[in-house]
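Note that these values count all heavy atoms, side chains included, but never hydrogens, waters or copies made by symmetry. Start at 1 and go down the list; that is how both ligands and their atoms are numbered.
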Amino acid sequence: MGDILVIGSMNVDMTVRVKELPKAGETILAQSMSYGLGGKGANQAFAAARLGGRVRMLGCVGDDDFGRKQLQALSGEGVDVSGINVDQTVATGSAFICVEENGGNCIVVNQGANLSCDEGYLSRQKEMILESDIVLVQMEIPREALYQAIEEASLAGKRVILNPAPAPEYIPDGIYRKLDYLTPNETELMRLSGGKEDLTGCTEYEEALKAGTQKLLDKGVKTIIVTMGDKGCGVFKKGYTAYYPAKSVKAVDTTAAGDCFNGAFAAALAEGMAEADAVEFAICASAIAVTRCGAQESLPLRSEVTALAAAAREAV
Ligand code: RIB
């Protein structure tokens, strides 16, 4: 079994449930409000560990209740949190999440202590990168720091997975060449590749995906896995495309579905599953996550994922 290192954000999530997401300038009333633990980094580490991965995490929390709860929750799942920095000077990151009735969401993140996950901190933790087999990162920590970690991991021959969320307009070309896997959703893919960002109802959907992924493959990424919500996901390499359908479930909250996919995919690769099996495993895991509310509290157990995968196989 390989070792997974997740480098990324840890947040407290403040979630309101609403009928429909508000439009610009609109005030609406919420149906409920709840606090939970989140952050793309923490969610991915939690998912990978819960599914059986050997996981370490690097990132920063504040010296506050939310930070302490986050560390407890991660270590409760078996994540090694010994390298996580507790910053005395700033509060734990926070996310403000609106979830609408069909499960769709929008999220605003106040980075807080995640900004302390900088180049200096990650340089001091370089050993952890060198001791891992798979390095999984997202984009809620300072960019220069995560690019530095990607460079170091790649130079040391580690498998690198970048989940480009939230997606910037631009990632340096030199970074794309260091990635074994890039795992955007459709919107993130379109932003990174300079295409039309909203593909809702797009008649040339597959062409748009192919054009977007081709641009990034040309920059040197080995494999791009585009997560497409209830349409499943697509795997793109030079000269190769494969689509995997989603499992049919009733989504109540899509928060952390992408995180669940990434954590599950990393866990599956780390235990030696073939890529296609790892994608299928990750699809099953995220299908379960969307049937539950919240981020970390929605992440499935291994037994649930294997049961769904078995049921899906039988149904074929
Ligand atoms: O991907 C979902 C996560 O995004 C939430 O948990 C929130 O904290 C933000 O990081």
> Is Arg68 salt-bridged to Asp65, going by a charged N under 4.0 Å from an acidic O?
Replying inline: yes
>> Taking Glu131 first and then Arg56, would you say they form a salt bridge - that is, a charged N and a carboxylate O separated by under 4.0 Å?
In response: yes
Write 'none' if nothing qualifies; otherwise put on separate lines each N/O atom of ligand 1 with a protein N/O atom under 3.5 Å away and their distance to 0.1 Å.
unit_1, atom_1, unit_2, atom_2, d
ligand 1, 1 (O), Lys40, NZ, 2.8
ligand 1, 1 (O), Asp259, OD2, 2.7
ligand 1, 4 (O), Lys40, NZ, 3.0
ligand 1, 6 (O), Asp13, OD1, 3.4
ligand 1, 6 (O), Asp13, OD2, 2.6
ligand 1, 6 (O), Gly39, N, 3.0
ligand 1, 6 (O), Asn43, ND2, 3.0
ligand 1, 8 (O), Asn11, ND2, 3.0
ligand 1, 8 (O), Asp13, OD1, 2.6
ligand 1, 8 (O), Gly39, N, 2.9
ligand 1, 10 (O), Asn11, ND2, 3.1
ligand 1, 10 (O), Lys40, N, 3.3
ligand 1, 10 (O), Glu140, OE1, 2.8
ligand 1, 10 (O), Glu140, OE2, 2.8

> In this structure, are over 12 heavy atoms from other groups packed under 6.0 Å from Lys237 atom NZ?
Replying inline: yes
>> Test of understanding: with ring pair (Phe, Tyr, Trp, His ring centres under 6.0 Å), list the residues that count as partners of Tyr181, not counting sequence neighbours.
In response: Phe265
>> Going by side chain to side chain donor-acceptor pair (under 3.5 Å), name the residues that satisfy it together with Ser82, two or more places apart in sequence or in a different chain.
In response: Asp80
Using distance only, find each side-chain donor-acceptor pair of residues 117-124 under 3.5 Å and give its atom names and separation, not counting sequence neighbours.
unit_1, atom_1, unit_2, atom_2, d
Asp118, OD1, Gly120, N, 3.4
Asp118, OD1, Tyr121, N, 3.0
Tyr121, OH, Gly59, N, 3.0
Tyr121, OH, Gly59, O, 3.2
Tyr121, OH, Gly83, O, 2.8
Ser123, OG, Glu119, O, 2.8
Ser123, OG, Gln148, NE2, 3.2
Arg124, NH1, Gly120, O, 3.3

